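Notes for the one structure printed next.
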Amino acid sequence: MKRVTLNNGIEIPMVGYGSFLSTVKSGKKVILDALDAGYRYIDTARFYDNEDDIGDAIKESGIKREDIFLCSKVWPTMLGKEETRESFEASCRSLGTDYLDMYLIHWPKSSQNDDGWIDKMTDGWSVMEELYEEGRIKAIGLSNFLPHHIKPLLEKAHVIPVVDQLELHVGYMQEYTLAYLKTQGIVPQAWSPLGRARLLNDERIIRLSDKYEKSASQILLRYLVQRGIPVIPKASSGERMLQNQDIFGFELTEDEISYLSCFPECGWSGEHPDMVEF
């Protein structure tokens with residue numbers, strides 16, 4: 001599995017397993033299936049309410065903890081000097097570990113009417129920095145942060161975020177944010193890289209799928225990793241789990257990368273950090 005190096009020297013796989021809603025029907029079995037399919041990056045969050053299932057699956061798998069890259073996230077209502085550490089410790093207990101490989105702030109704010117979101121965010125980040133210095137977290141980062149959310153954080157931060165997880169896919173590439181992240185040395189990581197399956201039947205994607213004899217999902221994932229963006233797709237079947245990792249044996253042309261990058265907006269989830277309310 002190809003990897004990308006973060007700004008603190010830590011490496012992460014280009015393809016990880018996104019666990020949001022994945023355990024609702026099958027519980028820990030789907031995580032065991034993902035591990036059996038070769039995934040060694042498992043992405044979760046306190047909000048997903050599946051950390052216990054993931055912890056049980058890892059224990060049952062027999063795979064050494066150090067061979068699995070575990071990423072979780074703190075929910076914005078738990079940002080604060082005491083709350084963030086409490087949420088982190090709860091995640092560790094559920095996951096059956098005493099450290100996390102990566103820990104992120106899930107969203108910059110929980111309410112668009114919260115005038116104190118910057119203080120809460122920076123307080124939470126300072127706790128994450130402490131945990132990072134203590135060796136309890138190997139890398140700290142962000143999720144769903146746009147430049148105007150990151151800038152006030154960087155004014156007070158001692159540790160630069162390593163990643164920013166964003167909704168990124170053909171039809172919603174947030175190019176302005178990608179350009180900003182590059183200037184700061186922050187790696188973008190794509191959630192919903194398949195546009196929540198809305199793009200899988202797009203005739204433009206199907207044409208490329210036919211050309212390369214690959215599935216539509218493989219074309220969409222290949223596009224992102226070829227642009228240097230690691231992905232965390234979801235999958236419930238073993239076949240799809242394997243397929244989503246098998247994206248390194250072909251290469252899109254520069255013209256095809258340009259074509260896919262210029263799609264008009266499509267497949268957007270409707271979730272935006274300046275509009276959502278929790």
Side-chain angles (χ1 to χ4, degrees), residues 1-6 11-23 25-26 29-44 68-69 71 143 163-175 178 181 187-269 271:
M1 174 64 68
K2 293 191 176 181
R3 307 173 81 84
V4 63
T5 303
L6 307 179
E11 292 185 342
I12 63 171
M14 287 299 289
V15 182
Y17 183 75
S19 72
F20 180 52
L21 298 179
S22 67
T23 60
K25 293 182 179 179
S26 304
K29 182 182 181 302
V30 71
I31 305 301
L32 282 165
D33 289 345
L35 293 169
D36 188 56
Y39 286 91
R40 292 298 180 266
Y41 180 119
I42 304 295
D43 181 86
T44 185
I68 298 175
F69 193 98
C71 174
S143 179
V163 304
D164 185 12
Q165 281 188 4
L166 296 164
E167 178 178 355
L168 295 171
H169 52 74
V170 170
Y172 195 69
M173 283 305 293
Q174 306 200 60
E175 298 289 357
L178 291 181
L181 294 177
V187 171
Q189 187 177 40
W191 65 261
S192 193
L194 306 179
R196 295 197 173 171
R198 296 184 178 100
L199 299 170
L200 297 182
N201 295 315
D202 188 297
E203 62 180 20
R204 298 164 293 185
I205 305 299
I206 296 300
R207 283 198 293 269
L208 288 172
S209 175
D210 292 340
K211 173 185 174 181
Y212 288 101
E213 298 183 340
K214 295 289 183 180
S215 69
S217 63
Q218 287 173 311
I219 296 296
L220 293 166
L221 295 174
R222 177 66 205 178
Y223 163 76
L224 288 162
V225 300
Q226 200 165 316
R227 288 194 58 178
I229 300 170
V231 296
I232 43 174
K234 294 189 296 181
S236 56
S237 73
E239 180 182 0
R240 284 284 305 278
M241 290 176 182
L242 291 170
Q243 192 180 86
N244 287 346
Q245 296 177 90
D246 184 20
I247 56 175
F248 299 100
F250 71 105
E251 190 168 312
L252 301 169
T253 68
E254 289 187 16
D255 283 349
E256 287 164 348
I257 292 292
S258 174
Y259 174 67
L260 293 171
S261 298
C262 295
F263 265 38
E265 186 176 295
C266 58
W268 179 44
S269 68
E271 297 176 8

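Keep in mind the model is a prediction, meaning the values are calculated, not measured.
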Taking all non-hydrogen atoms of both residues, which atom of Asp43 and which atom of Ser19 are closest, and how far apart?
O-OG, 2.6 Å
Could you work out, with side chain to side chain contact (heavy atoms under 4.5 Å, CB included) as the rule, every residue matching Ala216, not counting sequence neighbours?
Leu200, Ile205, Ile206
Heavy-atom pair with the smallest gap, counting every atom of Ser22 and Tyr17
CB-OH, 3.4 Å
If you look at every heavy atom in Val170 and Leu260, which pair is closest and at what distance?
CG1-O, 3.7 Å
How far apart are the C-alpha atoms of Phe20 and Ile232, what are their side-chain angles, what is the distance that settles it, and do they pass the side-chain contact (heavy atoms from CB on, under 4.5 Å) test?
CA-CA 10 Å; Phe20 180 52; Ile232 43 174; over 6 Å; no
Give the minimum heavy-atom separation between Ser215 and Gln243, together with the two atoms involved.
OG-OE1, 2.9 Å
With distance as the sole test, does Gln226 use its side chain to make a donor-acceptor pair with the main-chain N or O of Ile257 at under 3.5 Å?
no
Please identify each residue that fulfils side chain to side chain contact (heavy atoms under 4.5 Å, CB included) with Ala190, with sequence neighbours left out.
Leu168, Pro193, Leu224, Ile229, Val231
Please assess Tyr172 against Glu265 for the test side-chain contact (heavy atoms from CB on, under 4.5 Å), listing each intermediate value before the final yes or no.
CA-CA 6 Å; Tyr172 195 69; Glu265 186 176 295; 4.1 Å; yes
Under the ring-ring contact (aromatic ring centres under 6.0 Å, His included) test, which residues partner Tyr223, sequence neighbours left out?
none
The side-chain hydrogen bond (donor to acceptor under 3.5 Å, both in side chains) partners of Glu256 (sequence neighbours excluded) come to Lys211, Tyr212, Thr253
Which residues pass the salt bridge (charged side-chain N to carboxylate O under 4.0 Å, His left out) test with Asp246, sequence neighbours left out?
Lys214
Are the side chains of Leu199 and Leu194 in touch, meaning some heavy atoms are under 4.5 Å apart?
no
Minimum heavy-atom separation for Gly228 to Met14, with atom names?
C-CE, 3.9 Å
With sequence neighbours left out, write down each residue that passes salt bridge (charged side-chain N to carboxylate O under 4.0 Å, His left out) with Asp164, or none if nothing qualifies.
none
List the residues meeting side-chain hydrogen bond (donor to acceptor under 3.5 Å, both in side chains) with Ser236, not counting sequence neighbours, and say none if there are none.
none
CD (Glu203) with more than 12 external heavy atoms under 6.0 Å:
no
Is any side-chain heavy atom of Ile31 less than 4.5 Å from a side-chain heavy atom of Tyr39?
no
By side chain to side chain contact (heavy atoms under 4.5 Å, CB included) - contacts of Glu213 (at least two apart)
none
Minimum heavy-atom distance Phe263-Tyr259, with the two atoms named:
CD1-O, 3.3 Å
Under the salt bridge (charged side-chain N to carboxylate O under 4.0 Å, His left out) test, residues paired with Arg240 that sit two or more places apart
none
For Arg196, side-chain hydrogen bond (donor to acceptor under 3.5 Å, both in side chains) partners two or more places apart
Glu271
The side chain to side chain contact (heavy atoms under 4.5 Å, CB included) partners of Ser209 (sequence neighbours excluded) come to Ile219
Taking salt bridge (charged side-chain N to carboxylate O under 4.0 Å, His left out) as the definition, give me every residue that meets it alongside Glu11, ordered by chain and number, with sequence neighbours left out.
Arg3
Output, in order, the C-alpha distance, side-chain angles, deciding distance and verdict of side-chain contact (heavy atoms from CB on, under 4.5 Å) for His169 and Leu220.
CA-CA 7 Å; His169 52 74; Leu220 293 166; over 6 Å; no
